[in-house]
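Everything below concerns the one structure shown next.
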Amino acid sequence: MRKILGTALVSAAALTAPAFADGHGKQMSEHAVTYAFDGSFDDATFAVESAIVGQGLVIDYVSHTGEMLERTKGDVGSDVTIFDAADIFLFCSAKLSREVMEADAANISFCPYGIFVTDTNGEVRVGYRTYPEGEMQKVQSLLDGIVQEAIAE
């Protein structure tokens, strides 16, 4: 559980990094790639869940990071609302994970993989964190394909 929460917090931190837009709703930062979603947060989470499951993958956990940040902001001395809503879907691909870990067992540090959905002031975005060059680009391609499918629905 601690690893899952740590992954969620790292992913949440990546969402706040400076981003660069491409003019088509795609934003890239040092740590994450996000795309604009034309619809509600609930529609986006449904589309992401459907796209993940549609790839034959199993969602291991959904981190309700936005709720956690809002619930605990006073406990940590903040009054800032970061997201109106934010969820992170955590999952793995047995085939792809085996492939990248056979190439380098240290790639276990990137598992599970995550796709996040955020709503900030009515702007809904779907994205994932970036991965290093080499074998992990296969995972990044998988994530990008899933996100592309979700935002097209």
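All values reported here derive from a predicted model rather than from experimental measurement. Quick note: residue numbers are just sequence positions, from 1.
- Among all heavy-atom pairs drawn from V117 and A44, the shortest one is CG1-CB, 3.6 Å.
- A salt bridge links R98 with E102: at least one charged nitrogen is closer than 4.0 Å to a carboxylate oxygen.
- The cluster map of Ile, Leu, Val, Met, Phe, Trp and Tyr, joined by side-chain heavy atoms under 4.5 Å apart, puts F46 and I88 in different clusters.
- Judged purely by atom type and a 3.5 angstrom limit, D84 uses its side chain to pair as donor or acceptor with the backbone of N121.
- Using a distance-only test at 3.5 Å, with no hydrogens or angles considered, no donor-acceptor pair links the side chain of R125 to the main chain of T120.
- Looking at heavy atoms from C-beta onward, L143 lies in side-chain contact with I115 at the 4.5 angstrom threshold.
- Atom CG of D38 sits in a sparse spot, with 12 or fewer heavy atoms from other residues, nucleotides or ligands closer than 6.0 Å.
- Rounded to the nearest 0.5 Å, atoms SG (C92) and CG (D60) are 7.0 Å apart.
- Counting heavy atoms from C-beta on, the side chains of E149 and S50 never come closer than 4.5 Å.
- Atom CZ of F116 is separated from atom OG1 of T65 by 10.5 Å, given to the nearest 0.5 angstrom.
- Rounding to the nearest 0.5 angstrom, the gap separating the CD1 atom in I82 from the CD atom in E70 is 9.0 Å.
- The stretch residues 120-153 participates, sequence neighbours left out, in these ring-ring contact (aromatic ring centres under 6.0 Å, His included) pairs: F110-Y131.
- Side chain of S109 to backbone of A106: a donor-acceptor contact under 3.5 angstrom is found.
- One finds the CG atom of D144 at 10.0 Å from the CD atom of Q137 (value rounded to the nearest 0.5 Å).
- One N or O on the side chain of S93 and one on the backbone of L96 form a donor-acceptor pair closer than 3.5 Å.
- Nearest heavy atoms, Y113 versus S97: OH-OG, 2.9 Å.
- With a 4.5 Å cut-off on side-chain heavy atoms, K26 and T34 do not count as touching.
- With hydrophobic clusters built from ILVMFWY side chains whose heavy atoms lie under 4.5 angstrom apart, Y61 does not share a cluster with V58.
- Taken from CD1 in I146 to CD in Q55, the straight-line distance is 5.0 Å, to the nearest 0.5 Å.
- When atom types are taken as modelled, the side chain of S29 and the backbone of A32 share a donor-acceptor pair closer than 3.5 angstrom.
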| query | Given T45 and F89, is the side chain to side chain contact (heavy atoms under 4.5 Å, CB included) satisfied, shown in steps? | reply | CA-CA 9 Å; T45 58; F89 294 82; 3.9 Å; yes
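- In this view, V76 and S78 satisfy the side-chain contact (heavy atoms from CB on, under 4.5 Å) rule, not counting sequence neighbours.
- Judged by distance alone, the side chains of S40 and D43 do bring a donor and an acceptor atom under 3.5 Å apart.
- Using a 4.5 Å heavy-atom threshold, the side chains of V33 and Q27 count as separate.
- Both I108 and M136 sit in one connected hydrophobic cluster of ILVMFWY residues. Membership requires side-chain heavy atoms under 4.5 Å apart, directly or through other members.
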| task | Kindly determine whether V48 and I52 satisfy side chain to side chain contact (heavy atoms under 4.5 Å, CB included), including the steps that lead there. | result | CA-CA 6 Å; V48 167; I52 293 169; 3.7 Å; yes
| Could you go step by step and tell me if Q140 and T130 meet the side-chain hydrogen bond (donor to acceptor under 3.5 Å, both in side chains) rule? | CA-CA 7 Å; Q140 188 162 322; T130 57; 5.1 Å; no
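- Not counting sequence neighbours, the partners of E135 by the side-chain contact (heavy atoms from CB on, under 4.5 Å) test are E99, V100, A103, N107, K138.
- Considering all non-hydrogen atoms of both residues, A150 and A47 come closest at O-CB, 3.4 Å.
- Distance CE/M68 to CZ/F83: 9.5 Å, rounded to 0.5 Å.
- Taking each heavy atom of G39 and V124 in turn, the nearest pair found is O-CG2, 3.4 Å.
- Looking only at side-chain heavy atoms (C-beta outward), Q148 and Y35 come within less than 4.5 Å of each other.
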